[in-house]
Amino acid sequence: MDPRDLGNLKLSKESKSAKIEKNIKRDEAILNEKELSMEALLIMINRFTGLDNKILKMKYIDGRSLKDIAEELSYSYSYIMTRHAQLVKVIKFIEDL
């Protein structure tokens, strides 16, 4: 018997294999939701310009720390922290509208 031949394989309702199609559909839905969230995030970030845009992209798209952002952009860490806090307040205000 060829181990690659699955013709004689029987699936029960409780088996993991029987649930693969259901799991794939669930995972595709989750992936689509995350892709839509990422698109919305990019649209929101791109509404900001200059330094604000750079901070948001580096933080939320690239996953960089505020300390790394400050170093790369040649600003003090405290300034970037303050600016980021202001941006978060603006974003929360916009979301509440």
Side-chain angles (χ1 to χ4, degrees):
M1 178 188 262
D2 184 356
R4 296 171 293 175
D5 182 8
L6 301 177
N8 295 325
L9 183 66
K10 305 247 188 237
L11 299 176
S12 68
K13 289 183 180 182
E14 297 83 30
S15 72
K16 290 181 181 179
S17 300
K19 298 175 185 172
I20 287 176
E21 191 171 326
K22 182 179 177 182
N23 291 341
I24 289 171
K25 287 181 182 180
R26 181 201 65 218
D27 292 347
E28 285 176 340
I30 291 169
L31 180 60
N32 287 337
E33 186 177 315
K34 288 186 178 205
E35 287 173 346
L36 289 173
S37 295
M38 183 59 99
E39 286 178 30
L41 178 64
L42 285 170
I43 289 169
M44 185 270 305
I45 287 174
N46 285 328
R47 289 184 178 172
F48 293 89
T49 59
L51 180 62
D52 294 344
N53 178 273
K54 288 179 184 178
I55 292 170
L56 292 172
K57 277 187 178 178
M58 293 172 82
K59 175 73 176 158
Y60 297 106
I61 304 301
D62 301 336
R64 308 269 306 272
S65 71
L66 294 178
K67 186 175 182 180
D68 288 342
I69 294 168
E71 288 176 11
E72 183 168 325
L73 299 178
S74 299
Y75 284 91
S76 71
Y77 176 56
S78 62
Y79 179 76
I80 294 297
M81 280 191 341
T82 301
R83 194 71 208 130
H84 176 261
Q86 292 169 344
L87 290 167
V88 169
K89 286 179 184 178
V90 168
I91 291 167
K92 286 182 181 179
F93 176 78
I94 291 169
E95 287 178 344
D96 290 342
L97 291 178

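All heavy atoms count here, side chains included; hydrogens, waters and symmetry mates do not.
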Practice problem: Can you measure from CG (Leu87) to CG (Leu56) and round to the nearest 0.5 angstrom? | Solution: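 Taking CG in Leu87 and CG in Leu56, the distance rounds to 5.0 Å.
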Practice problem: Only counting residues at least two apart or in another chain, list the ones meeting side chain to side chain donor-acceptor pair (under 3.5 Å) with Glu72. | Solution: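 Here the qualifying residues are Arg64.
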Quiz prompt | Any residue meeting side chain to side chain donor-acceptor pair (under 3.5 Å) with Ser76, in chain and number order, not counting sequence neighbours | solution =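 Expected list: Ser78.
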Side-chain atoms of residues 43-55: list all donor-acceptor pairs with protein atoms under 3.5 Å, sequence neighbours left out, distances to 0.1 Å.
residue: Asn46; atom: OD1; partner: Lys57; partner atom: NZ; Å: 3.4
residue: Asn46; atom: ND2; partner: Leu42; partner atom: O; Å: 3.1
residue: Asp52; atom: OD1; partner: Arg83; partner atom: NE; Å: 2.7
residue: Asp52; atom: OD1; partner: Arg83; partner atom: NH2; Å: 3.2
residue: Asp52; atom: OD2; partner: Arg83; partner atom: NH2; Å: 2.9
residue: Asn53; atom: ND2; partner: Ile45; partner atom: O; Å: 3.1
residue: Asn53; atom: ND2; partner: Phe48; partner atom: O; Å: 3.2

Quiz item: Got a sec, which pairs hit salt bridge (charged side-chain N to carboxylate O under 4.0 Å, His left out) with one end in residues 85-97, sequence neighbours left out?
Solution: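 Qualifying pairs: none.
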Exercise. Please write out which residues are connected to Leu97 in a hydrophobic cluster, directly or through intermediates, given that two of Ile, Leu, Val, Met, Phe, Trp, Tyr count as joined at side-chain heavy-atom separations below 4.5 angstrom.
Key: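 Answer for Leu97: Phe93.
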Quiz item: Sequence neighbours excluded, which residues qualify as side chain to side chain contact (heavy atoms under 4.5 Å, CB included) partners of Ser65?
Solution: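 For Ser65 the side chain to side chain contact (heavy atoms under 4.5 Å, CB included) partners, ignoring immediate neighbours, are Lys67, Asp68.
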Quiz item: Can you name the residues that form a ring pair (Phe, Tyr, Trp, His ring centres under 6.0 Å) with Tyr77, not counting sequence neighbours?
Solution: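 Counting only residues at least two positions away or on another chain, Tyr77 forms no ring pair (Phe, Tyr, Trp, His ring centres under 6.0 Å).
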Side-chain donor-acceptor pairs under 3.5 Å in residues 29-41, sequence neighbours left out?
residue: Asn32; atom: ND2; partner: Glu28; partner atom: O; Å: 3.3
residue: Ser37; atom: OG; partner: Glu33; partner atom: O; Å: 3.1

